[in-house]
Amino acid sequence: MPEGVEIEIYRLAAERALGRVIATVDANDGWFCKDGTTPEALVAALSGATFTSARRRGKLLVLDVDHGPRLGLRFGMTGRTIVDDAAPIDSLEYSSDRNDPAWDRFAVLFDDGGSLRIRDPRRLGGVSLDPDEEALGMDAFSVTAKELDRRVFVGEVAIKGRLLDQARVAGIGNLIADEVLWRAGIDPAAPAGSIDAKGRRRFRSHLQTVLADFMRDGGSHTGRLQPARERGGTCPKDGTPLERRTIGGRTTFSCPLHQRSGR
DNA sequence: CTCGACTCCTGTTAGC
DNA sequence: TGCTAACAGGAGTCGA
């Protein structure tokens, strides 16, 4: 599913849309327009304009517009960006690999004949104008040790739940969280404030390598834990049957043998 | 402020 | 074979 890694890949694709004149906007799915934004407002804001930069904060993709409000794009768990009919990612966990234009929920058509589309079968993503970027925590790719200690490794809530809280650190989804905790040997159910300095150091180190690995390999479904994230799966490190729990409202797989930090 | 529970969406898949 | 129900999770809302 799209997590910070996929959105970064979408951002790179969206850079090809910069500087091109927008001729028309397809925003016919009113449900997909969020935060009070309407199809009419999107058409009015974008027609005749150009995108000047493609930025990302966590799972939010922001396209700056030469005049007028910024465009915010969210992808839920099945959304993709398609620029000029080329999708930067062709396989997405929990989504469909079918290429069905009926799932285009929003599209910007350029006067050169190209386009930027959001294709989202399950419609959990959305489009908005002037999204509240400050409501999100520091981005996972650049988050500092100090910020993690201040915002994430605090309190009694399970560390897994903390990691999914986009207001504390932005861009980590279910698969990245499970993979990093698994590599770092941290129990997902451990109280966030209970992780010692060694565990926190391991977490930071593995977060950076997981993000780099996932970027290199093409998405958040390419982890070493991923093939075992199913009922009856065993730990790829030590062969122990994995534990399957719901933590922070999300299905969580972990190894009861080696993920013991914080227990 | 914190935090768990609930709700939204719909393609896929397991199971009868 | 064909149908139904469970499942997936990002994100917003609500209430204790």
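A note on names: the letters A, B, ... follow the listed sequences, proteins ahead of strands, and every chain is numbered from 1. All values below were derived from every heavy atom in this structure, side-chain atoms included, with hydrogens, water molecules and symmetry-related copies excluded.
- One interatomic measurement links the two molecules: CE of A:Met77 to P of C:dA11, which rounds to 12 Å at whole-angstrom precision.
- For A:Leu164, counting side-chain heavy atoms from C-beta on, the closest listed nucleotide (C:dA11, C:dA8, C:dG10) is C:dG10.
- For A:Glu134, the salt bridge (Lys or Arg N to Asp or Glu O under 4.0 Å) test picks out A:Arg57, with sequence neighbours left out.
- Note on A:Arg74: a side-chain N or O is less than 4.0 Å away from OP1 or OP2 of C:dA11.
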Worksheet item: With Watson-Crick and G-U wobble geometry limited to distances under 3.5 Å, how should the secondary structure of DNA chain C be encoded in dot-bracket form, using | for bases paired to another strand and [ ] for crossing pairs?
Response: .|||||||||||||||
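- When each of C:dG10, C:dC7, C:dA11 is scored by its nearest atom to the side-chain atoms of A:Asn174, the top-ranked nucleotide is C:dG10.
- In this structure, A:Lys34 places its NZ atom 15 Å from P of C:dG10, rounding to the nearest Å.
- Spacing between atom CG of A:Asp165 and atom C1' of C:dG12 amounts to 13 Å, rounded to whole angstrom units.
- Look at A:Asp120 and A:Arg80 and you find no salt bridge, because none of the NZ, NE, NH1 or NH2 atoms lies under 4.0 Å from a carboxylate O.
- Of the N and O atoms on the side chains of A:Asp238 and A:Thr240, at least one donor lies less than 3.5 Å from an acceptor on the other residue.
- Protein atom CZ of A:Arg119 is 17 Å distant from nucleotide atom P of B:dT10, rounded to whole Å.
- Between A:Glu133 and A:Arg70 there is a salt bridge, since a side-chain N of the basic residue sits under 4.0 Å from a carboxylate O of the acidic one.
- Donor-acceptor pairing under 3.5 Å is recorded for the side chains of A:Arg202 and A:Ser261.
- Rounded to an integer number of Å, the gap from CH2 of A:Trp103 to C1' of B:dT12 is 10 Å.
- With rounding to whole Å, A:Arg57 atom CZ is found 19 Å from C:dG10 atom P.
- Ionic pairing of A:Lys160 and A:Asp178 is present here: one or more N-O contacts between side-chain nitrogen and carboxylate oxygen are shorter than 4.0 angstrom.
- A:Ser128 pairs by the side chain to side chain donor-acceptor pair (under 3.5 Å) definition with nothing, not counting sequence neighbours.
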Worksheet item: What one-letter contact string describes nucleotides 2-9 of chain B from 5' to 3', where B marks a base within less than 4.0 Å of any protein heavy atom, S marks contact via sugar-phosphate atoms alone, and - marks no contact?
Response: SSS---BB
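- Listed by chain and residue number, A:Asp187, A:Glu243 satisfy the salt bridge (Lys or Arg N to Asp or Glu O under 4.0 Å) test with A:Arg245 (two or more places apart in sequence, or in another chain).
- When rounded to the nearest whole Å, the span between CZ of A:Arg245 and P of C:dC7 equals 19 Å.
- Partners of A:Asp64 according to the salt bridge (Lys or Arg N to Asp or Glu O under 4.0 Å) rule, which considers only residues two or more places apart in sequence or in another chain, are A:Arg55.
- Note: CZ (A:Arg231) to P (C:dA6) measures 13 Å, nearest angstrom.
- Counting non-hydrogen atoms under 4.0 angstrom, A:Lys59 reaches the backbone sugars and phosphates but no base.
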